[in-house]
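As the structure is a prediction and not an experimental result, all values here were calculated from the model.
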Amino acid sequence: MALAGKALILVENLSVPFDRRVWQESTTLRDAGWDVHVICPQGTKRDTEPYAEIDGVKIHRYPLKAATGGPLGYVQEYGSALWHTFRLARKVGRVDVVHACNPPDLLYLVAKRLKRQGARFVFDQHDLVPELYLSRFDRGQDFLYRAVCRLERLTYRAADVVIATNESYRDVAVSRGGKRPEKVFVVRSAPAVERFRQVPVEEALKKGKPYMLCYLGVMGPQDGVDYALRALARLRDEVGRKDWHAVFLGGGDTFDEMVALSRKLGLSDQVEFTGRISDEDLLRYLSAADVCLAPDPLNPLNDVSTMNKIMEYMAMSRPIVSFDLKEARVSAGDAALYAPANDESEFAKLVAHLLDDPEERGRMGEIGRARVAGPLSWEQSSKALLAAYEAAVS
């Protein structure tokens, strides 16, 4: 890009390059000639160095303790993250573009300071925070809900350009955020398909069972792991199927709670929790999986959000069972079967149906791989990202 300059990307909820979306954005901008800096938290087991330059991207990291104890815990976490982000932004110095990825919708405060020094502000909306609050905490539209709505409005107001992860988020930016349509760009999260490849199936991963089911992703209150576990109990008790082993890959706030729930449901002998795993192990498990699970329940956030797990399942040519959510259908299309929202019994029946139909599983896997390698690929999203930057600086 002729207009390439110095870009600063701000992200709070994951370290980089572990945050795949932010890393793809960073390397795309680097390839377009931008001098890319990233400010993010340090990881616990990876991305632990305070500073690293990886493939030409300069990453500044700060220590951060994850929130505990409900909404007030997030106030403490976000306050600490904001202070460190201000500190490191001063170290980075003047930039041409500040690119803030939510949540939380507090990073606009850093962006406003940099705007006074001549920077343009690109708001990369990873989550709809008001909907996230309603879905994660059973508190209704209380004081904190009204506060996050106000922070969202202030972020939209400060942004020169908005990046949305899908058309549903784009509609919110235009209708609720008051942004002009030509200033809102859809940059879908998409797996790097070259990273996802089939490896030889290791039958030992199935623990002596004919079939393996797999869940990949974060385990938070809104992610539906509890729905998946109850559906698996119904698969055993109502459908009468015990010929499967299920593996849950990933970690999160409710990891220990989900392990306890699996024991309560009597699933300990058929369900395995790995925690976070390496990329190599991820390929091993997904290559061995016969059916992948997307149990995100219907709530104000999930219905309009693009789930990374679905995209990664498709990149591995795996068939999917999902609840019937608007953006899940947009992403997966015919690569998934859809149970009525939050209906655990129907979810279990669809899993059983796919276990009995290997041809259907293969057909759905091919459809999914073609979607993420074609119209939903990062190659398409990268063009929209560069167009958003051109709109910001031109």
Side-chain angles (χ1 to χ4, degrees), residues 166-167 188-203 205-206 209-217 224 227-228 231-232 234-235 238-249 282-296 302 305-341 343-381:
N166 58 40
E167 292 290 345
R188 296 184 64 90
S189 295
V193 290
E194 65 276 5
R195 171 176 161 250
F196 291 88
R197 65 188 187 282
Q198 296 287 325
V199 299
V201 174
E202 298 178 36
E203 292 296 335
L205 295 178
K206 300 185 179 185
K209 301 292 186 178
Y211 304 109
M212 191 171 89
L213 313 176
C214 193
Y215 171 92
L216 166 65
Y227 282 82
L232 293 180
R234 292 177 183 273
L235 179 62
E238 295 179 3
V239 185
R241 299 289 293 262
K242 292 186 177 182
D243 54 350
W244 50 268
H245 178 68
V247 181
F248 287 76
L249 311 174
L282 175 65
L283 298 181
R284 292 171 57 232
Y285 279 105
L286 288 181
S287 294
D290 296 287
V291 176
C292 287
L293 310 177
D296 310 88
N302 289 348
S305 296
T306 299
M307 302 302 173
N308 288 337
K309 66 173 75 69
I310 287 179
M311 306 298 289
E312 295 186 345
Y313 295 155
M314 291 194 295
M316 286 295 291
S317 303
R318 300 296 88 182
I320 304 159
V321 174
S322 171
F323 287 125
D324 194 359
L325 308 180
K326 176 182 177 181
E327 286 294 334
R329 280 191 178 272
V330 171
S331 295
D334 290 337
L337 298 181
Y338 302 92
D343 190 328
E344 297 158 0
S345 291
E346 286 301 315
F347 194 99
K349 292 175 184 177
L350 291 179
V351 170
H353 170 75
L354 284 180
L355 293 182
D356 288 334
D357 196 338
E359 291 185 3
E360 179 75 351
R361 297 201 306 268
R363 184 188 70 84
M364 292 169 63
E366 291 175 3
I367 290 172
R369 178 74 181 191
R371 288 176 67 78
V372 296
L376 302 182
S377 68
W378 180 252
E379 181 181 359
Q380 299 301 320
S381 291

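In this structure the side chain of Pro375 never reaches within 4.5 angstrom of the side chain of Gln380, judged on heavy atoms. Here the side chains of Asp324 and Arg329 are in contact, with some heavy-atom distance below 4.5 Å. In this structure the side chain of Ser345 reaches within 4.5 angstrom of the side chain of Glu238, judged on heavy atoms.
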Side chain to side chain contact (heavy atoms under 4.5 Å, CB included), that's the test. Do Glu167 and Val330 meet it? Break it down for me. CA-CA 10 Å; Glu167 292 290 345; Val330 171; over 6 Å; no
Taking it one step at a time, do Leu282 and Arg195 satisfy side chain to side chain contact (heavy atoms under 4.5 Å, CB included)? CA-CA 11 Å; Leu282 175 65; Arg195 171 176 161 250; 3.7 Å; yes
Show, in sequence, the C-alpha distance, side-chain angles and deciding distance for Ser381 and Arg188, and conclude whether the side chain to side chain donor-acceptor pair (under 3.5 Å) test is met. CA-CA 6 Å; Ser381 291; Arg188 296 184 64 90; over 6 Å; no
Could you go through the side chain to side chain contact (heavy atoms under 4.5 Å, CB included) check for Tyr285 and Met212 one step at a time? CA-CA 9 Å; Tyr285 279 105; Met212 191 171 89; 4.1 Å; yes
Leu213 vs Val321, test: side chain to side chain contact (heavy atoms under 4.5 Å, CB included). Steps then yes/no. CA-CA 10 Å; Leu213 313 176; Val321 174; over 6 Å; no
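Lys209 places a side-chain N or O within donor-acceptor distance of the main-chain N or O of Lys242, the cut-off being under 3.5 Å. Of the possible donor and acceptor atoms, one in the side chain of Gln198 sits under 3.5 Å from a partner among the backbone N and O of Met316. Using a distance-only test at 3.5 Å, with no hydrogens or angles considered, no donor-acceptor pair links the side chain of Tyr227 to the main chain of Asp343. Of the possible donor and acceptor atoms, one in the side chain of Tyr313 sits under 3.5 Å from a partner among the backbone N and O of Leu216.
Around CG of Asp334, the count of heavy atoms belonging to other residues, nucleotides or ligands within 6.0 Å does not exceed 12. No more than 12 heavy atoms of other residues, nucleotides or ligands shown are found within 6.0 angstrom of CZ on Arg197.
In this structure Phe196 satisfies the ring pair (Phe, Tyr, Trp, His ring centres under 6.0 Å) test with no other residue, sequence neighbours excluded.
For the atom pair SG of Cys214 and CZ of Phe248, the computed distance is 9.0 Å after rounding to the nearest 0.5 Å. Residue Leu232 holds its CG atom at 8.0 Å from CZ of Phe347, rounded to the nearest 0.5 Å. For the atom pair NZ of Lys326 and CG of Asn302, the computed distance is 14.0 Å after rounding to the nearest 0.5 Å. For the atom pair CZ (Phe323) and CD (Glu344), the distance works out to 6.0 Å, reported to the nearest 0.5 Å. Glu327 contributes atom CD, which lies 12.5 Å from atom CG of Asp296 (distance to the nearest 0.5 angstrom). The CG atom of Leu293 lies 11.0 Å from the CD1 atom of Ile310; values are rounded to the nearest 0.5 Å.
Salt-bridge annotation for Arg241 and Asp356: present, with a side-chain N of the basic residue lying under 4.0 Å from a carboxylate O of the acidic one.
For residues 361-378, the pairs satisfying salt bridge (charged side-chain N to carboxylate O under 4.0 Å, His left out) are Asp290-Arg361, Glu360-Arg363, with sequence neighbours left out.
Taking both residues in full, the closest heavy atoms of Cys292 and Ala289 are given as SG-CB, 4.1 Å, listed atom of the first, atom of the second, then distance.
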